[in-house]
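Remarks on the structure that follows.
Just the heavy atoms: all of them, side chains too, but no hydrogens, waters or symmetry mates, feed the values below.
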Amino acid sequence: MGAYIIRRLLSVIPITLGVLFITFFLFRVVGGNPAYRIAGKNASPARIAQISKERGYDKPLFLNWRNPLDAQFPRLCLQLVRLDFGESMTTKQRVSTMLREGMLPSLCLTTPLFIIELVLAIALALVAAFYRGTWIDRSLVILSVMGMSISSLVYIMVAQFWLASEWRLFPVWGFEGPQYLLLPILIGVVAGVGGSVRFYRTVMLDEMNQEYVRTARAKGVANRTVLFRHVLRNAMIPILTNVIVAIPFLYTGALLLENFFGIPGLGRLTVNAVFNGDEDVIFATTFIGSVLFVIANLATDIAYTWADPRIRLK
């Protein structure tokens, strides 16, 4: 397993480079010289040239034949490897400081949302699988499909208007205490639980059609015992895949919820950075997100061996 883990950790390098290359290409090649965005519409050519020289935009994009590392993309990669995320173009703050300040609000929102949705979805999926074919199962499926079919924006607008503005049950904007997170978490759970219930129900029903379930029932094992002790345990591999891969996205925050509710997290920071063309923030969040995603995939593979001892990593 040790060799496998080392190989997977080494895969962080090409994957992260590929993600950074695509992001760099979109913002520096397709988007053009960022100095024009920094300087403003009425900036003089001298001012644009000055900004380009200060920030290295006057250098070759990918390769400098005299000094291969003295080009924009290699310099960006070396800078990120040193965990030097640069300075924001719009706020003039260090990007590392902005990430630290935005991490706590994002995690305060996404972590309880993730846990509540996971527990609720698995519980409802087990109920649907246990009562499969009955009105309970059909009702849960219909409600799940209805929940999936409605846009998150609809949930946000309706909840903000009725629950926050008209009935004043929740605050509608800001991040001044736990009460400001209740409505975004509620909306996130309602908007996301339907798809999770459908997925987990399919997984449970697939396991219930396996031979070991028929064998257990033939031996007289109660349906509840079969469902909760055998089916749930053997369904852990697809559940782990869905859960662990989603964990890195807790760091990046909830883009819509943070923007509509004024939560100063990483999701709102990223949206503002894309809107303003704030490249240093975008490159930093892309770099950290890609690394976390690869590590989460490795953790998923390792978790497989815990869920199913028959699995061997080579």
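I15 is connected to L83 through a chain of hydrophobic side-chain contacts under 4.5 Å among Ile, Leu, Val, Met, Phe, Trp and Tyr, so both are in one cluster. Tracing side-chain contacts under 4.5 Å through hydrophobic residues (I, L, V, M, F, W, Y), one reaches L20 starting from L292; they form part of the same cluster. A single hydrophobic cluster is seen to contain both L169 and V158, as judged by linkage of ILVMFWY side chains at heavy-atom distances under 4.5 Å, directly or through other members. Cluster annotation: L255 is not connected to M157 through the hydrophobic network of ILVMFWY side chains, with a link wherever side-chain heavy atoms come within less than 4.5 Å. Transitive grouping of hydrophobic side chains (ILVMFWY, heavy atoms separated by less than 4.5 Å) brings V119 and V190 into a common cluster.
The shortest distance between side-chain heavy atoms of V127 and L140 falls below 4.5 Å. Here the side chains of Y212 and N234 are in contact, with some heavy-atom distance below 4.5 Å. Side-chain contact between T285 and L266 is absent, with no heavy atoms from C-beta onward closer than 4.5 Å. At least one side-chain heavy atom of T23 sits less than 4.5 Å from a side-chain heavy atom of I282. Between P34 and F27 the shortest side-chain heavy-atom distance does not fall below 4.5 Å. Residues L61 and R28 form a side-chain contact, since some pair of their non-hydrogen atoms from C-beta on lies under 4.5 Å apart. Within the 4.5 Å cutoff, the side chain of I187 has no heavy atoms near those of the F260 side chain. The side-chain heavy atoms of Q93 and E101, taken from C-beta on, include a pair separated by under 4.5 Å.
The two residues Q79 and G86 come nearest to each other via the heavy atoms NE2-N, 3.4 Å. Closest approach of L257 and G188 over heavy atoms only: CD1-CA, 4.2 Å. Residues T241 and T300 share a closest heavy-atom pair of CA-CG2, 3.8 Å. Nearest heavy atoms, G56 versus R75: CA-NH1, 4.0 Å. Of all heavy-atom pairs between A164 and V172, the closest is CB-CB, 3.8 Å. Contact record, R201 with A125: N-CB, 3.5 Å, taken as the closest heavy-atom pair.
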**OP:** Begin from the C-alpha positions of M204 and L126 and carry the test side-chain contact (heavy atoms from CB on, under 4.5 Å) through to its verdict.
**Re:** CA-CA 7 Å; M204 303 299 177; L126 284 171; 3.8 Å; yes
Subject >> Derivation of the side-chain contact (heavy atoms from CB on, under 4.5 Å) call for L182 and L186 >> reply: CA-CA 6 Å; L182 295 178; L186 176 63; over 6 Å; no
Original post:
Run the side-chain contact (heavy atoms from CB on, under 4.5 Å) check on L181 and L113 step by step: do they pass?
Top reply: CA-CA 10 Å; L181 296 174; L113 194 161; over 6 Å; no
**OP:** Check the pair L124, Y200 against side-chain contact (heavy atoms from CB on, under 4.5 Å), reporting the backbone distance first and the verdict last.
**Re:** CA-CA 9 Å; L124 292 177; Y200 294 135; over 6 Å; no
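The number of heavy atoms from other shown groups lying within 6.0 Å of CZ (F130) is above 12. Environment of CD in E211: sparse, with no more than 12 heavy atoms of neighbouring residues, nucleotides or ligands closer than 6.0 Å.
With S106 contributing its side chain and M103 its backbone, the two residues share no donor-acceptor pair below 3.5 Å. In this structure, D84 contributes its side chain and L80 its backbone to no donor-acceptor pair below 3.5 Å. Side chain of S165 to main chain of W162: no donor-acceptor pair is present (N/O by atom type, distance under 3.5 Å, no hydrogens or angles). Listed for the S290 side chain is no donor-acceptor partner under 3.5 Å among the backbone atoms of T16. T111 contributes no side-chain N or O that, together with a main-chain N or O of C108, makes up a donor-acceptor pair within less than 3.5 Å. Looking at D206, its side chain never comes within 3.5 Å of a backbone N or O of T202 through a donor-acceptor pair. For the pair D278 (side chain) and V274 (backbone), a donor-acceptor distance under 3.5 Å is absent. For N242 (side chain) and P238 (main-chain N/O), no donor-acceptor pair under 3.5 Å exists by modelled atom type. T225 contributes no side-chain N or O that, together with a main-chain N or O of V221, makes up a donor-acceptor pair within less than 3.5 Å. The main-chain N or O of A254 is found under 3.5 Å from a side-chain atom of E258 such that the two form a donor-acceptor pair.
Using the six-membered ring where Trp is involved, F62 and F21 have ring planes that are tilted, between 30° and 60° apart.
Evaluated for a side-chain contact (heavy atoms from CB on, under 4.5 Å) with L107, the options L104, L109, T110 yield exactly one hit, T110.
Here CD of E117 is found 11.5 Å from CD1 of I115. Values are rounded to the nearest 0.5 Å. Atom CG in N33 sits 7.5 Å away from atom CD in Q72 (nearest 0.5 Å). In this structure, the separation between CG on L256 and OH on Y155 is 13.5 Å, given to the nearest 0.5 Å. Considering CZ of R198 and CE of M148, their distance stands at 6.5 Å, rounded to 0.5 Å. One finds the OG atom of S11 at 8.5 Å from the CG atom of N297 (value rounded to the nearest 0.5 Å). With rounding to the nearest 0.5 angstrom, the CZ atom of F85 is 13.0 Å from the CZ atom of F283.
Between F73 and F24, the distance separating the two ring centers is shorter than 6.0 angstrom.
The ring pair (Phe, Tyr, Trp, His ring centres under 6.0 Å) search around F199 returns none, not counting sequence neighbours. With sequence neighbours left out, D70 forms a side-chain hydrogen bond (donor to acceptor under 3.5 Å, both in side chains) with K59.
Ion pairing between a basic and an acidic side chain is recognised when a charged N comes within 4.0 Å of a carboxylate O; D280 and R55 show such pairing.
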